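Keep in mind that this is a model prediction, so the values were computed, not measured. FYI, side chains are in, hydrogens and waters are out, and symmetry mates aren't considered; it's all heavy atoms of this structure.
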Amino acid sequence: MIASEATTAWWRPERAAPSGLTAQPGGRLAFGALFAFTGILILSPQAWFPAFRSLRIALLAAGVAIIAHLLGGVIRRRPGQRHPEVVIAFCLAAWAVLTVPISLWPGGSVSVLTDLFLKAIVFFWLIGVLVTTGPRLRMFLRLLVVCSIPLAVTAIRNYRSGVFLEASGAVMRIAGYNVGGSGLTENPNDMALMLNLLIPFAAALLAIERRLAWRVVAASALLLSIAAVVATFSRAGFLTLVAIGIVGLVTMARRRPVAALGIVLVLAASSPLIPRGYLERLSTITNISSDPTGSSQGRWTDLTVAAEFVARHPLTGVGLGQNVLALNRERGPTWREVHNVYLQYAVDLGLPGLALFLWLFVALFRAAGRVRRLAVSNTACRDVGIVAGGVQVALVGFAVAAMFHPVAYQFYFFCIAGLALAVKNVFSAAVASSRLAQQPV
């Protein structure tokens, strides 16, 4: 009976757990700063409130999180969470630094390294060392889901009110979120990517929440995000959404086949709501030459040129973020990045850089999968197992999206990667708490 009481509800604070696995009070400031930074990263409030720009609130929040965590570790004299996946990520960053001297433009590589890549890796590390308990994981999921709602509402509102970017030919693309605010989702393709990656977490939150209000929020975010991805008219967004939907439904069908069938029927019934011109837009995925904007043709050319370049220069690449210059030399100046994460790494950092990224991806996917499988046999870890499944679905979504987006060094992947570490933390704490509770008093 004692063991049962101690292991129920992983999302509640454990009454007795090994000190190395539970969050200490001194870490609350660091976690709060990480929480604030994540919200700022996704919603970009500084674009809506110009006074925030001079304060550099994102940098301030990140700095507080790092300093508070490091100082807390020194004061408590306890080592932080250690994950082999973090070592792989740091090796990838180290390789990027080592290639700077031989970059086509060393200054440009340094700029990408300091403005994007290192920040994204630090974000990944912070999630892995600060989201260490069930309550924190739940709070972080709620934050992501809540942040997805303004993005989705903006996409749908822009479509309904006719707020479009400059259109080329017959294709009208909606304006994204915070256009001109240099946010992560000001481009409709980026908005579709962000929403797709958050959809699995909305579904996970819907499955684990006990409070009706939060279940309503999660369900609303899920439905709005799906509709918003369609409204972006993003072909990559559609393919990613399909991949996430298939994997998610297959996973759900194992536990709740009736619910999975119901979702399929609802989606089928919603087909008349597809926007006009959407199917024609999707047809250019397979019929590249029919794209009136010319983007499909240009991106296909870039992919082939980039692949040929990697075959001739497999080891060191051209430097972080310099695939633009490499492609300009090969096929003429268009100043367009290769829209493929895998080729970005291969062109910029050579095959060693691509291998490190793939190693990191596989390690994270396997870690989340291990938590999901082991949680099945532990009722106290049921919910963290569901979240781990959501992490795996999001990783599958990114694996598909990575074939069409130039986002190798941005925050999208590293947010999911951090959550893979978070579910490891929570599962380890729950198991350790269970074992401690079973020990004789």
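Counting all heavy atoms, side chain and backbone alike, L360 lies closest to A89 at CD2-CB, 4.1 Å. In this structure, A30 and H69 approach most closely via the heavy-atom pair CB-N, 3.7 Å. The minimum heavy-atom distance linking A221 with I149 is given by the pair CB-CG1, 3.8 Å. Smallest separation of non-hydrogen atoms from V423 and V384: O-CG2, 3.8 Å. Closest approach of C381 to A430, counting heavy atoms only: SG-CB, 3.6 Å. Nearest heavy atom pair, residue A367 against residue E85, reads CB-OE2, 3.6 Å.
The closest side-chain heavy-atom distance from W125 to V129 is below 4.5 Å. Taking the side chain as every heavy atom from C-beta outward, T334 and L327 never approach each other to under 4.5 Å.
Between the side chains of S296 and R299, no donor N or O sits under 3.5 Å from an acceptor N or O. In summary, the side chains of R331 and T301 do not present any donor paired with an acceptor at a separation below 3.5 Å, with no hydrogens or angles considered. No hydrogens or angles considered: a donor-acceptor pair under 3.5 Å links the side chains of S111 and D115.
Remark: of the listed residues T240, D190, N189, N189 is the sole one forming a side chain to side chain donor-acceptor pair (under 3.5 Å) with S234. No option in R235, R336, H339 other than R235 meets the side chain to side chain donor-acceptor pair (under 3.5 Å) test with S295. The side chain to side chain donor-acceptor pair (under 3.5 Å) test with N323 singles out one residue from D348, N328, D302, and that residue is D348.
Panel note: side chain R136, backbone L130; a donor-acceptor pair is recorded below 3.5 Å. Side chain of Q410 to main chain of A120: no donor-acceptor pair is present (N/O by atom type, distance under 3.5 Å, no hydrogens or angles).
The side-chain hydrogen bond (donor to acceptor under 3.5 Å, both in side chains) test applied to N340 returns no partner, not counting sequence neighbours. Considering only residues two or more places apart in sequence or on other chains, Y409 meets the ring-ring contact (aromatic ring centres under 6.0 Å, His included) condition with F117, Y345. With sequence neighbours excluded, no residue forms a ring-ring contact (aromatic ring centres under 6.0 Å, His included) with Y342.
Note on ring orientation: taking the six-membered ring where Trp is involved, the planes of F365 and F361 are parallel (angle under 30°, cut-offs 30° and 60°). The aromatic rings of F309 and H313 lie parallel to each other, with less than 30° between the two planes, well short of the 60° mark.
In this structure, R312 pairs ionically with E330, as a charged nitrogen and a carboxylate oxygen lie closer than 4.0 Å.
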